[in-house]
There are 4 protein chains.
Amino acid sequence: MTPSKPLRADARRNRARILAAAEEVFAERGASASTEEVAARAGVAIGTVFRHFPAKRDLLAAIMKELRRRLVDRAETLIADGDPATAFFDYFTYLVESSAEIGTVVSLLAEEGTSIEPDDQIMALTQAFGRLLEAAQQAGTARPDARLDEVMALVTATTHGALAGSWTDDLRCRTLALVLDALRPR
Amino acid sequence: MTPSKPLRADARRNRARILAAAEEVFAERGASASTEEVAARAGVAIGTVFRHFPAKRDLLAAIMKELRRRLVDRAETLIADGDPATAFFDYFTYLVESSAEIGTVVSLLAEEGTSIEPDDQIMALTQAFGRLLEAAQQAGTARPDARLDEVMALVTATTHGALAGSWTDDLRCRTLALVLDALRPR
Amino acid sequence: MTPSKPLRADARRNRARILAAAEEVFAERGASASTEEVAARAGVAIGTVFRHFPAKRDLLAAIMKELRRRLVDRAETLIADGDPATAFFDYFTYLVESSAEIGTVVSLLAEEGTSIEPDDQIMALTQAFGRLLEAAQQAGTARPDARLDEVMALVTATTHGALAGSWTDDLRCRTLALVLDALRPR
Amino acid sequence: MTPSKPLRADARRNRARILAAAEEVFAERGASASTEEVAARAGVAIGTVFRHFPAKRDLLAAIMKELRRRLVDRAETLIADGDPATAFFDYFTYLVESSAEIGTVVSLLAEEGTSIEPDDQIMALTQAFGRLLEAAQQAGTARPDARLDEVMALVTATTHGALAGSWTDDLRCRTLALVLDALRPR
DNA sequence: TATGAATGAGCTTTCATTCAT
DNA sequence: CATGAATGAAAGCTCATTCAT
């Protein structure tokens, strides 16, 4: 379904190395980091980067896609295996913690005008989050009047907040606690 | 303490026009907008911009300083004139709403590495916010266990969230309500 | 004398397809068209193109050689079968008309510095043209004082003119008539 | 009518040097010569070239405009001062001879897709040529049935021919004689 | 002080060519 | 032989910054 051509072994290896390097570089230097540095970090020539990602935005988009894939994976794991009463809160926490790892990259999407298409992945993530929310509501651990879009907004906010202000671990925990509290039944 | 020279009248006028133009341009185009466009919008030549702000980061920093000044002003007004029971929440709301006006500019600071110095203004803002918080706590409208750094974190988060996700007015209101709710006594 | 190796059947087939594709592509896009596009159009991989033509200029040269071969063929046909009185003028016309078909390709040689070696084919073409000229002169339809190099110059000029200016069919006919008139006895 | 801003002295000097350098470079190396080389030859930095000519095509277009200006000037001089009986032929000759000086530049227009706008200058040149033609026809030195578009086509052809084939001076003279002969009454 | 032309490092992107598969 | 991924040298162009006017 995904690959039009199965790609040669070395090509796939390089693609992965470039993605990994790009994730690092952009996390460290921001989206204005040069493609050349990505290439250098990946140990390939500049041309190779552009063979895999014809424009810089494609590279950024690919990183985001990969990141989102991981997030969706995690949600689905929690839906399948987690405790309905806590899975929703665990996942919320997971998203915020991940953002630290992700680095600045996330926040670059808006800026770059990387007009992300309607995007199946965002929808998938939203839906999965919705199921976790419902389960928590039925388990009585989440406010019954909390709406999904509000939850998404809150997680976006907390994530970006965690990135923008350089919070200590302690502060992040306390803030997160407050936010999660706002989602619990009074 | 601040001005080495009182500046000629026209120079001061130019400085102001450049700042205003820069605020507009960076809000519209992001921090990657060119200094030249700022100059054009301000109706001055590029050299004049650099005479007033020796580097681009200085221009960005000056914008931030100006913005923060307004925010502090507002806080002090509320401390002086507002209803202690609601002023804290009003100010929180004001900050989030302002962020929409401010546009992308705010979020660019982190990225640009404009490592803002300890900054008196941030401290002033924090202190003012602290006084509003205390007043609300004494009035019984804010959780007594809410700490100032958490409040700052929450406002940062909500602000950035409002900027990053393009929330509707309605969604912003509901999300804000949830956040403020988290700061009210249970 | 010519082929070092007789070439495998598929190799010869590929060579032909590449040449055909190159002729098309360069006619459409000019000599700055990429070798990769030639490969794509030919349905082979880029490596295959370079196996057959070690450098781009070789590919261009080969196209020219092929084109010239056709032109010489046509001249010999006319020498053998045509009416001596008109064959010269027919051939002149044929060359100019062909140039339209050939497209821009021809004119690219000069630029590319594809310093064509003395080239047997050009000589062959010139000689054939010379024979047609002589025949026409003997038939009294061509000026007796017209020299072969002048004729070659005229046909070159008309050809390039037809390519450079985008003449209508009508204009090309009239211009050609004038030129041919210049070669008729007064 | 032409200059929106009168340009500073040094700017005008640089602009002229760039144009001169570009004319040389493109004549020597063809249109694929690099802008950087033009800059080097002009003794300015690359940025200066792009300040004056925002894209390479603009530089090429400017060269052409300058060349055409010279041609039109010459035509007008001949209209004013020349002998009506010979001026037409003199100008035709002048155009062909100039092409040698102009070098390859001329022929690059077609290729570069420098979609020259309807172009006042071409029209001016055509009109001037038209007047020379009429004068010659009235003086009885040019065929009365020769049309202006045919003349333009012939001069284009001869010019391009002279450029493409590397004719000797002698050959160019003889070929030109033939072409001009075609335009004389029989 | 203001101007705006000049600078030049740096960025994205292209493409002829090589070479491991 | 064919393949197509990798290479890397340019090329075109941008823009923060400097400096002569």
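Each chain gets a letter, A, B and so on, in the order its sequence line appears, and its residues count up from 1.
- In this model, the phosphate group of E:dA5 is not approached by any side-chain N or O of D:N14 to a distance below 4.0 Å at OP1 or OP2.
- Nearest to the side chain of D:A55, among F:dC13, F:dA2, E:dA2, sits F:dC13.
- Rounded to whole Å, the distance from CZ on D:R51 to P on E:dT3 is 14 Å.
- Here the C1' atom of nucleotide E:dG10 and the CZ atom of A:R29 are 14 Å apart, to the nearest Å.
- Distance from the side chain of C:V44 is smallest for F:dT3 among the nucleotides E:dT12, F:dT3, F:dA2.
- Between the CD atom of C:E37 and the P atom of E:dA16 there is a distance of 11 Å, given to the nearest Å.
- For A:A33 and C:F53, each mapped to the nucleotide of DNA chain E holding its nearest heavy atom, the one lying further toward the 5' end belongs to A:A33.
- In this structure, D:D10 places its CG atom 13 Å from C1' of E:dT7, rounding to the nearest Å.
- Following rounding to the nearest Å, B:I46 (CD1) and F:dT21 (P) show an atom-to-atom distance of 20 Å.
- The distance from atom NE2 of C:H52 to atom C1' of E:dA16 is 17 Å, rounded to the nearest whole Å.
- Positionally, the nearest nucleotide of DNA chain F for D:P54 lies more toward the 5' end than for the other of D:P54 and B:G47.
- Of all nucleotides listed (E:dT12, F:dA5, E:dT17), E:dT17 comes nearest to the side chain of C:F50.
- Rounded to whole Å, atom C1' of E:dG8 lies 9 Å from atom CD of D:E36.
- Dashed line: the shortest gap from a side-chain N or O of C:T35 to OP1 or OP2 of E:dC15 is not under 4.0 Å.
- Look at CG on B:D58: it is 11 Å from P on F:dT18, rounded to the nearest Å.
- Between D:R70 and D:E23 a salt bridge is recorded (basic side-chain N to carboxylate O distance below 4.0 Å).
- Ranking E:dT17, F:dG8, F:dT14 by closeness to the A:A45 side chain, first place goes to F:dG8.
- The shortest side-chain heavy-atom distance between B:F53 and B:L60 does not fall under the 4.5 Å cut-off.
- The partner of E:dC19, taking Watson-Crick or G-U wobble pairs whose two distances both stay under 3.5 Å, is F:dG4.
- Which of F:dA5, F:dA6, E:dT12 sits closest to the side chain of A:T48 comes down to F:dA6.
- The side chain of A:S34 approaches E:dC11 more closely than any other nucleotide in the set F:dC1, F:dT17, E:dC11.
- Between D:R15 and D:E66 there is no salt bridge, since none of the side-chain N atoms of the basic residue sits less than 4.0 Å from a carboxylate O of the acidic one.
- Taking the side chain as every heavy atom from C-beta outward, B:N14 and B:R17 approach each other to under 4.5 Å.
- Ion pairing between A:R41 and A:E28 holds under the 4.0 Å rule for side-chain N and carboxylate O.
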